[in-house]
Asker: 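I have a structure I would like to understand better, so I am pasting it below and will then ask my questions one at a time.
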Amino acid sequence: MSDSITVHAECFGELASLMGADTVAIQFDAPFTPARLITSAQEQHPGAADLLSRTACARGDTLLAADTPLGDGDTIALIPPVSGGQPNTRPHLTAERLDLDALLAETEDDSCGALVVFGGTVRLTNAGRQVESMDYSAYGPLASKTLADIQAEAVEKFDAHACRIQHRTGRLGLGEVSVYVVVRAVHRDAAFEAARYALEELKARVAVWKNEYYADGSSAYLEGTEVPRPERPRGADDAREPGPQS
């Protein structure tokens, strides 16, 4: 067996800036696991060490446990804390302008007496700073799977008939819609509760990052929520203070 392997680490959100590229080759010694990959990345990119300590690893649409075996030449996505297919005809993630009419048509159901629509837009100010635009990036395979999971959970938990979430990617200007959550249920309480659940879970779990651009010419990635990992589910570490959600 080789004394070392090289893994191609795909960097998302602020990690791409801190590590200097969208994809970085990380060479490291055994054990050949995500835990060792993260440690080696911290050693080779000390400026990203803090963020890497809160970063999960994924292969395709699957989050990896810390001891999952890795092989030479593997491509692994590094998923830092997130800002916040399918039987549906439209994708969960798109760079195109969101089409609310299409989402309403997909979920149309005459048996439902309640329809709740939430739309999130780019706002003028954040934390006292004037915003000019927002850039949304995503790790597509995992983000799409997580959005599908959240939709199914919202329907099951609150006895809703339909839940559809669609999120924009790319650079958006002031007032542009970045996300829609559409829920239909027989009664309004279920529709409101399911929509709120879907939105909060999206903010906490979906691999989307927000880079905010300000009127003074500066920009900053918004702080996010650490992605749950197989060995550390969401809420398992109660001693850690949660970071602000974006």
Side-chain angles (χ1 to χ4, degrees), residues 12-13 56 58 60-63 77 79-109 111-123 134-172 175-211 222 224-228 233-235 245-246:
F12 293 89
D61 64 1
T62 303
L63 287 169
I79 310 296
V82 297
S83 299
Q86 345 180 18
N88 305 301
T89 59
R90 294 180 63 79
H92 290 103
L93 293 169
T94 179
E96 304 299 323
R97 186 181 297 273
L98 301 184
D99 186 347
L100 178 58
D101 288 339
L103 298 177
L104 293 174
E106 285 180 23
T107 59
E108 189 171 4
D109 188 338
S111 69
C112 294
L115 165 65
V116 170
V117 177
F118 171 84
T121 62
V122 179
R123 64 178 182 266
M134 183 90 77
D135 187 74
Y136 294 84
S137 57
Y139 176 50
L142 182 60
S144 294
K145 180 179 183 297
T146 306
L147 286 169
D149 289 345
I150 292 170
Q151 289 178 171
E153 292 165 14
V155 168
E156 180 180 358
K157 288 177 179 291
F158 302 99
D159 197 26
H161 281 217
C163 176
R164 276 292 277 123
I165 309 170
Q166 193 173 50
H167 206 297
R168 279 286 299 273
T169 57
R171 189 80 166 261
L172 277 66
E176 287 194 78
V177 179
S178 61
V179 62
Y180 275 127
V181 177
V182 177
V183 174
R184 292 187 189 266
V186 175
H187 301 295
R188 63 179 180 274
D189 286 349
F192 278 119
E193 290 172 4
R196 177 177 290 278
Y197 173 86
L199 177 62
E200 296 302 326
E201 292 297 304
L202 181 159
K203 291 167 60 180
R205 293 163 51 188
V206 178
V208 171
W209 299 274
K210 303 174 184 178
N211 192 7
L222 300 187
T225 303
E226 189 171 347
V227 174
R234 184 181 176 192
Q245 293 183 4
S246 54

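Quantities reported herein were computed from a predicted structural model and do not represent experimental measurements. We use all heavy atoms of the structure for the numbers below, so side chains are in, but hydrogens, waters and symmetry mates are not.
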Asker: Give the minimum heavy-atom separation between Leu142 and Ala58, together with the two atoms involved.
Answerer: CD2-CB, 4.3 Å
Asker: Taking side chain as C-beta onward, heavy atoms only, is Pro81 less than 4.5 Å from Thr225?
Answerer: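 Side-chain contact under 4.5 Å: no.
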Asker: Name all residues meeting the side-chain hydrogen bond (donor to acceptor under 3.5 Å, both in side chains) criterion together with Arg184; count only those two or more places apart in sequence or in a different chain, and write none if there are none.
Answerer: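 side-chain hydrogen bond (donor to acceptor under 3.5 Å, both in side chains) check on Arg184 returns Thr107.
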Asker: Mind checking side chain to side chain contact (heavy atoms under 4.5 Å, CB included) for Glu156 and listing every partner two or more places apart, or none if nothing turns up?
Answerer: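 Here no residue qualifies.
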Asker: Might you work through the side chain to side chain contact (heavy atoms under 4.5 Å, CB included) test for Ser111 and His161, ending with a clear yes or no?
Answerer: CA-CA 9 Å; Ser111 69; His161 281 217; 3.3 Å; yes
Asker: Calculate, to the nearest 0.5 Å, the distance between atoms CZ and CG belonging to Arg164 and Leu147 respectively.
Answerer: 9.0 Å
Asker: Looking only at heavy atoms, which two atoms of Ala138 and Thr169 are closest? And how far apart?
Answerer: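 Closest heavy-atom pair between Ala138 and Thr169: CB-CG2, 4.1 Å.
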Asker: For Arg188, what residues pass the side chain to side chain contact (heavy atoms under 4.5 Å, CB included) criterion, not counting sequence neighbours?
Answerer: Ala114, Phe192
Asker: Counting N and O atoms only, with roles assigned by atom type, does the side chain of Thr94 sit under 3.5 Å from a partner on the main chain of Glu96, one being a donor and the other an acceptor?
Answerer: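 Yes; at least one donor-acceptor contact below 3.5 Å.
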Asker: Taking all atoms of both residues into account, what is the closest heavy-atom pair of Val116 and Ala191, and its distance?
Answerer: CG2-CB, 3.6 Å
Asker: Using the side chain to side chain contact (heavy atoms under 4.5 Å, CB included) rule, take Leu104 and Val117 through it: C-alpha gap first, then chi angles, then the decisive distance, then the call.
Answerer: CA-CA 9 Å; Leu104 293 174; Val117 177; 4.1 Å; yes
Asker: Quick one: pull up CD in Glu106 and CG in Asp99 and give me the separation to the nearest 0.5 Å.
Answerer: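 Result: 9.0 Å between the selected atoms.
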Asker: Which heavy atom in Leu172 sits nearest to a heavy atom in Val177, and how many Å separate them?
Answerer: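 Minimum heavy-atom contact is CD2-O, 3.5 Å.
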Asker: Flag the pair Val206 / Val82 as yes when at least one side-chain heavy-atom distance between them is below 4.5 Å, and no otherwise.
Answerer: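 They are not in side-chain contact.
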Asker: Are side-chain heavy atoms of Met134 and Glu176 found at a separation under 4.5 Å?
Answerer: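 The answer is no; the side chains never approach within 4.5 Å.
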Asker: With sequence neighbours excluded, tell me which residues meet side chain to side chain contact (heavy atoms under 4.5 Å, CB included) with Ser137.
Answerer: Trp209
Asker: Between Ala194 and Val183, which heavy-atom pair has the shortest distance, and what is it?
Answerer: CB-CG1, 3.9 Å
Asker: Under the rule for side-chain hydrogen bond (donor to acceptor under 3.5 Å, both in side chains), what residues qualify as partners of Asp61, not counting sequence neighbours?
Answerer: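 For Asp61 there are no side-chain hydrogen bond (donor to acceptor under 3.5 Å, both in side chains) partners, ignoring immediate neighbours.
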Asker: Looking at Ala143 and Leu93, what are the two nearest heavy atoms and their distance?
Answerer: CB-CD1, 3.6 Å
Asker: Check the pair Leu103, Val182 against side chain to side chain contact (heavy atoms under 4.5 Å, CB included), reporting the backbone distance first and the verdict last.
Answerer: CA-CA 7 Å; Leu103 298 177; Val182 177; 4.1 Å; yes
Asker: Can Glu193 and Lys157 be said to form a side chain to side chain contact (heavy atoms under 4.5 Å, CB included), step by step?
Answerer: CA-CA 9 Å; Glu193 290 172 4; Lys157 288 177 179 291; over 6 Å; no
Asker: What ring pair (Phe, Tyr, Trp, His ring centres under 6.0 Å) pairs are there with at least one residue in residues 134-159, not counting sequence neighbours?
Answerer: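 Listed by first then second residue: Phe12-Tyr139, Tyr136-His167, Phe158-Tyr197.
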Asker: Looking at residues at least two apart in the chain, or sitting in another chain, which of them share a side chain to side chain contact (heavy atoms under 4.5 Å, CB included) with Asp149?
Answerer: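 Partners of Asp149 by the side chain to side chain contact (heavy atoms under 4.5 Å, CB included) criterion, ordered by chain and then number, come out as Lys145, Glu153, Arg205.
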Asker: Does Val179 offer a backbone N or O that forms a donor-acceptor pair with the side chain of Gln166 under 3.5 Å?
Answerer: no
Asker: Nearest 0.5 Å, what's the CD1-NE2 distance between Ile165 and His92?
Answerer: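 One gets 7.0 Å once the value is rounded to the nearest 0.5 Å.
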Asker: Using 0.5 Å steps for rounding, measure from the CG atom of Leu98 to the OG atom of Ser178.
Answerer: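 If I round to the nearest 0.5 Å, the distance is 7.5 Å.
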Asker: Going by the rule side-chain hydrogen bond (donor to acceptor under 3.5 Å, both in side chains), which residues pair with Arg196 if we only count those two or more places apart in sequence or in a different chain?
Answerer: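 Residues passing side-chain hydrogen bond (donor to acceptor under 3.5 Å, both in side chains) with Arg196: none at all.
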